[in-house]
Amino acid sequence: MKYEAVIGLEVHVQLNTKSKMFTRVAYNYAAPPNSLTNPVIMGLPGTLPVMNKGAIEKTITVGLIFNCEIAKISKWDRKNYFYPDMPKNYQISQYDQPLCMGGEVEIELPGPSRNIMGKHRKVQLTRIHLEEDTGKSTHHTLDSTLDFNRSGTPLIEIVSEPDLYSGEEAFAYLTALRTNLMYIDISDCDMEKGQMRCDVNISVREVGVTELGVKVELKNLNTISGVRNGIEFEIERQIKVLENNEKIVQETRLWNAERGITVSMRSKEQAHDYRYFPDPDLMPVKIKKETIKRLSNQLPEMPFDKQRRFLEDYDLPYTITSVICPDKSLSDFFEATVSLYNKPQPIANLIANDLLRELSSAGTGGPLPLSECKIDPQHIASLARMVDEGVISKQVAQDIFIEIFSTGDVPEKVIEEKGLKQSSNTTELEVVCRDIIDNNPKPAEEFKAGKKNAINALKGQVMKATKGKANPKIIDEILRKLMVE
Amino acid sequence: MSDLFYKTAGELSGLLVKREISSWDLTQAVIERTKAVETKVNAFLSYNEAAALKQAKNSDERIARGESRGPLEGIPVGLKDIIAVNGEQLSCGSKILEKFNSPYDATSAINLKNAGAVLWGRLNMDEFAMGSSTENSAYQVTSNPWDIERIPGGSSGGSAASVAAGEAILSIGSDTGGSIRQPASFCGVVGLKPTYGLISRYGLVAYASSLDQIGPFARSVEDVAILLQAIASHDRLDSTSIKVDIPDYRTVLKQEDRRWKLGVPTEYFSDGLDKEVGVAIENAIKFFENNGCEIVNVSLPHTELAVPVYYIIATAEASSNLARYDGIRYSHRSDRAIDSIDLYFKSRAEGFGEEVKRRIILGTYVLSSGYYDAYYLRAQKVRTLIRQDFIKSFEKVDALLTPTSPTVAFKIGERSEDPLSMYLSDIYTISLNLAGLPGISVPCGFNSDKMPIGLQVIGKPYCEAEILAIAHKFERSHDFYKEHPKL
């Protein structure tokens, strides 16, 4: 019997608004426990929520990039349940009139190899709604502690249709979500900081059967690869259950990343009755056409569109576009550089290789953000131009890059000060080359005997002697001339 | 000046500005009066003489510098114990908040402070404003100053009784189904429930958010106007607060000659209306007719549905609003709990009284899946019909005249075992909360037991000025306001 899995994802994303969803307190992941509260956050008697307009607009923006239908009127509902980290014992959420309905997310599946583009597909969304986050409970051996800093932070929930069919697809979906959401700057989407959280609904059925199998909810998935691994394990587990002629239990299971297995948390025989009703403290939200128009006009070009354009207009290799395009600041940086010096390929190489390498070694706990580094498009444009014009060699360009990355000096200054200008002075270079041939008889002999590659060893020596300043083309010519003589 | 405590704010503010009296003297007189009668009335859950006198001193200094903040400067105003004042107790008449002091000010408290008022005491109430007699307070039973064996009405019983007894010049209460107007009527004082949205609810502990509204108590319509002026304001901390132009209520009172068109809803004069109350209201209606007003019979056909609709909507909202009292952060925590779920059960079981539990259970039930459509959703639809009844009748008239309550104040204990008969004392007031309309109760006579009777004037949305003027016209032509209970 052949089986297939059907998967739906509920993804929560914290919005990076200046203040919380219903009151003017900021949120900051690293703040000391319970320092970011006020009477509203603590649910003190008599306090009332006031809607954060910025959060509404950010949510609409998310809806727009995923082609959702934006509600004309949306409203707030109370989701009632008791939990110690929820100060009011109800969560303000959206039940039957979410801000965004429908929509789709374009994903890219893994290609046959890293440098070949994979298949693209659109995953259908059910809805996107806005709500407030809860606080955080930490359970110790004898007691539990509560931190209400996170409480009241705006949170969007992006619900997909059961339209994903493997761990790999879920991985691609989450990656696409993250890339897109970071593009419009609504969240940093850091799963480890809880800025993006994912619950998975997963069921398995025989191929050919149309109705869905019994659903299992998967939680505790703290990384994007964790989601993929958890799903892959769970598919296998469910297939084994079916193959043994047993029944899948509808339940919630936790992914244990260390052991690589899922463990039952609770069975869901009875659905929770959240007693949703419209929140009488908040007015329904009317969304004006002008607002949608204004927000649409502010949308950036989205990553996959950008990648298609970069491939076509700049003729860049797929691998490089797949490095540059998912990062908006990097691709903006690239285009700013190209506008200064129109040689996209060497510029893309400098950015995708040298710049990214330096950024990742300069940062502590993650790469240094581009905005904090001292390199600007002018630096890279100058380097590329000088390589093209033969002023410096590629090797020197790389060395200079490392230097200006830490100093922020213009490349011209470094070349001047260190005398790194490429030498094309044939007379001077001839002296050096003759010296190298005399001192390295073995490769010279080999070359003369017909082993043409041997010349590379000599070239290397010349480069070393000239500290990389020699023009490699001219050295090649001189060495050949001298050895043929 | 021994009877300073029975003067009105209007009179007192004149004396204060002319510096014939000081706020210190006035506050002292109110304190002494309170100490003298409080053993009989029991209107206050707590009061702080030193804090009140300190505010009085500040007022006197401002007046001396010529910096009076207006007609409330130096006037002692009592507050129902459901309105947050920074640093003061906020128990809502409940054991579950017995040890809770508010760390912040309600917007109306800030408005009162800005108006120079002397905030005076925490007034008794039915627990979380659920009740019509103040017998549901977890702490004490307040007496009606006109007959201490009777209830003062509720839920703002302390607010009404304190003003009637001269223990405060003015007071603030809250009205969810009649909790200002009914006790005002029972205690022979004036009480106004403003249009929903006129006064910020920020800092008013929620019972039923879509119905709750803060409002003033006083011994004259003019004083109600003065107090309303101070607390009405748009507030960005309350999303249901409305931006409207607020008139000068005190000046628009003087429309004695205006020929009002007044409606009398026939449904409000059916069975259940006490005979003597009915006669007093008929007389009031005749007064208007004899003084240039046109009386029109109108119909509010959905009136009989108001009480059941109210008890669905109010309890549904209450079940959610009161969920926060869970023993985790600031409310009463049971020390007998064996685990976290048990902590909820025991803390709430110990902290809430019978009526609160009854309403939480009812509200939880009507919101439950499978019942929501039949109860809550349907109640909201009927609520719309009730509102439309009023809108229709207001096409023909400026305001409506009705009894405030079907009876006078009843005896302590008389209805406490029978919640349904208690609920019926609000039948004439509840519809206004459902429709969001303003209503004022003004004394219109006494029954044969010398118990006060109240006339309710119902206005169009944001037409507080009109109903104040109508009530004022009636009040100034009668002597009821001159009478005080003998304590």
Side-chain angles (χ1 to χ4, degrees), chain A residues 21-24 34 37-53 75-92 95-96 134-135 137 139 142-148 151 270-285, chain B residues 82-84 90-92 94 96-97 100 102-107 128 200-206 208-212 235-241 313 316-317 319-331 340-341 343-344 348 363-372 376-377 380:
Chain A
M21 188 60 236
F22 294 110
T23 185
R24 284 196 180 168
N34 295 310
T37 66
N38 70 0
V40 177
I41 292 303
M42 296 307 287
L44 294 192
T47 55
L48 295 171
V50 176
M51 192 185 81
N52 179 339
K53 205 174 141 196
K75 71 173 171 70
W76 301 103
D77 299 284
R78 292 188 184 175
K79 180 180 183 181
N80 294 286
Y81 63 99
F82 280 80
Y83 205 80
D85 62 22
M86 200 164 53
K88 304 186 294 295
N89 286 316
Y90 62 80
Q91 180 187 28
I92 305 177
Y95 180 53
D96 54 357
T134 61
S137 310
H139 303 291
L142 289 173
D143 56 8
S144 299
T145 48
L146 296 165
D147 177 6
F148 291 102
S151 179
Q270 271 182 307
H272 214 307
D273 185 355
Y274 291 118
R275 305 190 316 277
Y276 280 101
F277 76 105
D279 191 331
D281 289 330
L282 290 160
M283 297 282 118
V285 193
Chain B
I82 197 170
I83 292 159
L90 183 59
S91 80
C92 301
S94 180
I96 212 159
L97 285 174
F100 183 69
S102 175
Y104 77 100
D105 271 324
T107 301
F128 286 105
S200 169
R201 290 188 296 115
Y202 189 77
L204 166 65
V205 179
S209 314
S210 74
L211 304 162
D212 295 341
D235 183 10
R236 55 170 188 78
L237 295 180
D238 175 3
S239 311
T240 60
S241 156
I313 292 172
E317 292 178 5
S319 71
S320 174
N321 284 333
L322 270 61
R324 66 189 65 198
Y325 310 113
D326 57 4
I328 303 286
R329 283 149 296 124
Y330 50 80
S331 51
S340 62
I341 298 294
L343 181 71
Y344 289 142
R348 287 165 71 81
T364 304
Y365 177 80
V366 299
L367 287 178
S368 300
S369 91
Y371 297 99
Y372 180 87
Y376 187 79
L377 200 62
Q380 288 291 12

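Order of the sequence lines sets the chain letters (A, B, ...), proteins ahead of strands, with each chain counted from 1.
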Sub-4.5 Å side-chain heavy-atom contact between A:Arg275 and B:Thr364: yes
Residue among B:Ile82, B:Leu322, B:Asn321, B:Ile83 with most heavy-atom pairs under 4.5 Å to chain A: B:Asn321
Any donor-acceptor pair under 3.5 Å from A:Asn80 side chain to B:Ser320 backbone: no
A:Phe82 side chain near B:Ile328 side chain, heavy-atom distance below 4.5 Å: no
Contact origin within B:Leu97 toward chain A - heavy atom pairs under 4.5 Å: side chain
When A:Thr47, A:Thr23, A:Asn38, A:Leu282 are compared by non-hydrogen pairs under 4.5 Å with chain B, the top option: A:Thr47
Value rounded to 0.5 Å, distance of OG in B:Ser368 from CG in A:Asp273: 5.0 Å
Contact summary for B:Tyr325 and A:Pro45, nearest pair of heavy atoms: OH-CB, 3.3 Å
Test side-chain contact (heavy atoms from CB on, under 4.5 Å) applied to B:Ala208 - qualifying residues, sequence neighbours left out: B:Thr176, B:Leu211, B:Asp212, B:Ala314, B:Glu317
Contact summary for A:Asn89 and B:Ala323, nearest pair of heavy atoms: ND2-O, 2.7 Å
Option passing ring-ring contact (aromatic ring centres under 6.0 Å, His included) with A:Phe277 (candidates B:Tyr372, B:Tyr376, B:Tyr371): B:Tyr376
Backbone N/O of A:Gly43 and side chain of B:Tyr330: donor-acceptor pair under 3.5 Å: yes
Exercise: identify the closest heavy-atom pair between A:Val50 and B:Arg236: CG2-O, 3.1 Å
Part of B:Leu90 lying under 4.5 Å from any heavy atom of chain A: side chain
Distance-minimising heavy-atom pair for A:Asp281 and B:Ser209: OD1-CB, 3.2 Å
Top of B:Gly203, B:Ala106, B:Ser210 for chain A proximity - count of heavy-atom pairs under 4.5 angstrom: B:Gly203
Nearest-0.5 Å distance, OH of residue A:Tyr83 to OG of residue B:Ser340: 7.5 Å
Engaged part of A:Phe148 at the chain B interface, taking heavy atoms whose separation is under 4.5 Å: side chain
Stepwise side-chain contact (heavy atoms from CB on, under 4.5 Å) check, A:Leu44 with B:Phe100: CA-CA 10 Å; A:Leu44 294 192; B:Phe100 183 69; 4.3 Å; yes
Best-contacting candidate, A:Gly46, A:Pro49, A:Pro39, against chain B by heavy atom pairs under 4.5 angstrom: A:Gly46
Residues which pass side-chain contact (heavy atoms from CB on, under 4.5 Å) with B:Ser241, listed by chain and number, not counting sequence neighbours: B:His234, B:Asp235, B:Asp238
More than 12 heavy atoms of other groups within 6.0 Å of A:Tyr95 OH: no
Over all atoms of both residues, closest heavy-atom pair of A:Pro87 and B:Arg329: O-NH2, 2.6 Å
